[in-house]
Every structure is written in C-alpha cells, then in structure tokens.
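Beneath this line is the structure, given in structure tokens, with notes to follow.
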Amino acid sequence: MSEKLIILMRHGTWEPIPPPLNYKPVGCKWVYQAKQKFNGSISRFKARLVAKGYVQRPGLDYNETFSPVVKPATIRTVLTVAVMKGWSLKQLDVNNAFLHGKLHETVYIT
C-alpha cells in the first residue's frame with residue numbers, strides 16, 4: 001500500500017483543498033487483494049484507492065462514466081485470430097493506468 005500511495009503522490013493525483021460549502025465530497029476507501037500464483041500460493045498483495053461512486057448523482061457530481069474493461073469473449077477472439085495468423089503474443093500490465101486519464105470536472109473526495 002505504501003508503494004501505491006507514493007506513486008499517487010509523485011504523480012500529483014490529487015491536491016488537498018477544502019471543498020466548496022455547497023458540495024458534499026465523495027468518500028473513498030482502500031481495497032486490498034491477494035494475487036495468487038497458479039499453484040494457489042500468494043505472489044503479492046495489491047491495494048487500490050477507490051471512490052465510493054454510489055453516492056454521486058448524475059448531472060450533479062458527474063456527466064458520464066467510462067471504464068475500459070476487456071471482456072473474456074474479446075480476449076478469446078484476439079487469441080483465436082493470433083493463432084490462426086501465426087502472430088506472436090506478449091502481455092503488458094499497465095500500472096496505475098487511471099493516472100493517465102484527464103478529468104474535465106473537479107472531484108472532491110474525502
């Protein structure tokens with residue numbers, strides 16, 4: 001968790017300021033997960049800081065949402081095409097991918 005927190009602070013993910021009086025900040029919490037190897041042993045622990053978005057209201061706290069997630073059917077299709085074409089495959093893990101997104105509105109969290 002400390003590594004994740006250091007990365008968040010180094011990238012300037014947030015800046016501490018008080019919210020306006022007429023605005024209720026969105027809460028956040030740390031979510032922990034143990035990543036396992038194929039044999040079931042724990043390889044590492046991961047921590048993510050997530051906003052409690054369920055308290056937000058459309059049009060007031062946000063205008064639209066988007067979460068880039070790959071569906072299993074898409075992965076199977078890409079793998080099938082790669083095998084049929086004889087392509088080589090490589091895996092890429094993007095660490096802290098959300099840091100590259102740009103928000104057009106100000107979000108206050110606590």
Side-chain angles (χ1 to χ4, degrees):
M1 184 174 127
S2 61
E3 177 186 329
K4 178 70 89 171
L5 191 55
I6 290 169
I7 291 170
L8 291 171
M9 293 170 68
R10 187 178 330 141
H11 285 286
T13 306
W14 64 73
E15 89 182 66
I17 59 170
L21 294 176
N22 61 343
Y23 193 89
K24 182 179 178 191
V26 174
C28 64
K29 66 178 183 175
W30 285 97
V31 176
Y32 303 99
Q33 182 180 15
K35 299 298 262 186
Q36 297 180 340
K37 296 180 183 178
F38 290 110
N39 63 6
S41 64
I42 295 175
S43 64
R44 64 188 170 120
F45 294 97
K46 289 186 77 172
R48 290 182 294 141
L49 182 64
V50 297
K52 298 177 183 178
Y54 54 84
V55 300
Q56 292 179 287
R57 295 160 303 218
L60 184 60
D61 297 311
Y62 68 92
N63 294 322
E64 60 184 62
T65 61
F66 175 71
S67 179
V69 177
V70 178
K71 296 181 181 179
T74 304
I75 294 173
R76 285 192 299 271
T77 302
V78 169
L79 290 175
T80 301
V81 171
V83 168
M84 290 172 53
K85 301 279 189 178
W87 296 342
S88 63
L89 296 172
K90 296 183 180 181
Q91 179 180 344
L92 172 70
D93 185 18
V94 179
N95 213 1
N96 297 306
F98 73 94
L99 294 175
H100 302 291
K102 297 290 183 194
L103 294 178
H104 300 290
E105 59 276 328
T106 303
V107 177
Y108 296 94
I109 65 170
T110 180

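- For Ile109 against Cys28, the heavy-atom pair with the smallest separation is CD1-SG, 4.0 Å.
- Here the closest heavy-atom approach between residue Pro20 and residue Tyr108 is recorded as CD-CZ, 3.4 Å.
- Atoms CD and OG, on Gln36 and Ser43 in that order, are 8.0 Å from each other to the nearest 0.5 Å.
- Here the NZ-CZ distance, from Lys37 to Arg44, works out to 11.5 Å after rounding to the nearest 0.5 Å.
- The cluster map of Ile, Leu, Val, Met, Phe, Trp and Tyr, joined by side-chain heavy atoms under 4.5 Å apart, puts Val81 and Ile75 in different clusters.
- In this structure, OG1 on Thr74 lies 10.5 Å from CG on Leu79, to the nearest 0.5 angstrom.
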